[in-house]
Amino acid sequence: MAFGDGTDIYRELGVTPIITASGSTTAYGGSKLRPEVVDAMVKASTTMVNIDELNKAAGKVLARVTGAEAGLVTNGAASGLILQAAAVMAGSDPAKMAQLPDPTGLKNEIIIHRSHRFPYDQCYRATGATLVEVGDGRRCHPWQLEAAFTENTAAVAYLFSPYITRRALPLAQVVDMAHAHDVPVIVDAASFVPPRANLKRFIAEGADLVQFSGGKAVRGPQGTGILCGRADLIEAAFANGSPHQFIGRGMKVAKEEVIGLVQALEIFVEEDEEAETATYRRMCQQAVDALIEAPGLHVRIEFDEYNYLVPHAVMTFTNDWHGPSRDQVWDDMVAGDPPVYLHNIYQPDELAIDPFNLTDEELEVVIRRLREVLLG
Ligand SMILES: *Cc1c(COP(=O)(O)O)cnc(C)c1O
């Protein structure tokens with residue numbers, strides 16, 4: 001069984017290679033780095049440059065690709081959220097930047113839909129910001145958002161993430177309302193590409209800062225992120241970040257990683273998305289065909305613009321299913337040889353195969369192991 005050329009390196013350390021059928025999941029290895037990116041990083045590592053100059057030049061590429069005024073390579077998407085919050089609270093004022101995470105005297109309220117609360121919002125709170133929730137978790141009325149603005153409002157945060165986004169007011173409406181109060185809208189769309197069109201979409205809808213992950217579908221270095229948006233806010237995010245000695249100093253991006261991300265992004269936007277989708281569809285169909293006979297298991301391909309951004313082979317464990325429970329199946333797949341991590345984050349009665357990180361060979365192993373676990 002081949003796991004790529006890294007197998008021996010990990011085994012020597014006593015670490016077991018796994019198969020990740022869960023898409024790009026940081027806990028299960030993230031994404032497979034593009035070979036061209038590795039080459040560029042190795043070359044970049046041999047030459048010294050001024051990091052400010054490098055970041056500005058890389059930012060121009062990010063701006064071009066996203067249609068934003070400016071861009072910044074961040075240390076993962078998560079730290080980009082910290083820089084978003086720092087930028088809207090402290091701007092580029094060194095006295096204010098040095099004060100964080102003490103919010104005394106700064107605008108410190110970030111409005112967020114209750115339905116958009118998620119584990120990563122701790123990144124917003126890390127700067128000393130207070131989250132002000134609007135809506136009841138299922139939906140939000142415009143008057144509820146309107147009533148939340150105060151003189152301390154620093155931003156409205158908005159999340160694009162499967163199964164969550166649409167329980168909130170539409171982004172364009174949030175932007176209109178926030179801008180009427182002179183308040184910026186900061187967006188987390190870390191995993192919301194492909195479609196590649198999303199790289200430009202949220203900026204086009206008026207968002208002031210938008211964050212994407214560089215280590216997920218873009219397949220740049222795992223520890224990179226793409227922040228883009230208004231020039232003054234990007235400048236502020238950069239001022240608050242490494243190499244500058246403020247709140248973002250602990251979230252360094254190395255020169256090789258900056259180069260790797262730029263390289264990955266340039267390749268990503270040129271790729272044929274239709275062909276890529278067709279490949280994922282074929283892989284999912286192979287899984288569906290192999291599992292369709294399981295009685296009580298509803299197996300099909302899901303692909304849409306909000307919940308399954310690339311085709312997934314989805315299994316729903318219906319009441320007519322009498323085999324091992326969904327949780328048991330997950331456990332058995334992880335406990336097997338090789339360990340297989342399925343996609344399990346959306347619905348409690350559902351498991352899925354996300355083909356993003358799979359080779360055809362790995363897909364066959366996933367299907368074989370699933371048939372063993374499900375059908376005995
Ligand atoms: C993955 C993800 C992040 C974190 O991205 P990293 O690049 O791993 O730091 C943040 N927000 C959302 C919605 C995500 O899906």
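In listed order, ligands and their atoms are each counted from 1. Heavy-atom basis, side chains included; hydrogens, waters and symmetry copies ignored.
- Not a single donor-acceptor pair under 3.5 Å links the side chain of R167 to the backbone N or O of R138.
- Atoms CZ and CG, from R34 and D39 in turn, are 13.0 Å apart once rounded to the nearest 0.5 Å.
- With a 6.0 Å cutoff to the six-membered ring centre and a 45° limit on the axis angle, R196 counts as a cation-pi contact of F268.
- In this structure, Y28 contributes its side chain and L342 its backbone to no donor-acceptor pair below 3.5 Å.
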Expected rows: ligand 1 N/O, protein N/O, dist below 3.5 Å:
{"from": "ligand 1", "atom 1": "7 (O)", "to": "A77", "atom 2": "N", "distance (Å)": "2.8"}
{"from": "ligand 1", "atom 1": "7 (O)", "to": "S213", "atom 2": "OG", "distance (Å)": "2.7"}
{"from": "ligand 1", "atom 1": "8 (O)", "to": "T26", "atom 2": "OG1", "distance (Å)": "3.4"}
{"from": "ligand 1", "atom 1": "9 (O)", "to": "A77", "atom 2": "N", "distance (Å)": "3.0"}
{"from": "ligand 1", "atom 1": "9 (O)", "to": "A78", "atom 2": "N", "distance (Å)": "2.9"}
{"from": "ligand 1", "atom 1": "11 (N)", "to": "D188", "atom 2": "OD1", "distance (Å)": "3.4"}
{"from": "ligand 1", "atom 1": "11 (N)", "to": "D188", "atom 2": "OD2", "distance (Å)": "2.6"}
{"from": "ligand 1", "atom 1": "15 (O)", "to": "S191", "atom 2": "OG", "distance (Å)": "3.1"}
{"from": "ligand 1", "atom 1": "15 (O)", "to": "K216", "atom 2": "NZ", "distance (Å)": "2.8"}

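- Judged purely by distance below 3.5 Å, without hydrogens or angles, the side chains of D102 and T104 pair a donor atom with an acceptor atom.
- Under the rule for a side-chain hydrogen bond (donor to acceptor under 3.5 Å, both in side chains), the partners of R369 that lie at least two apart in sequence or sit in another chain are E372.
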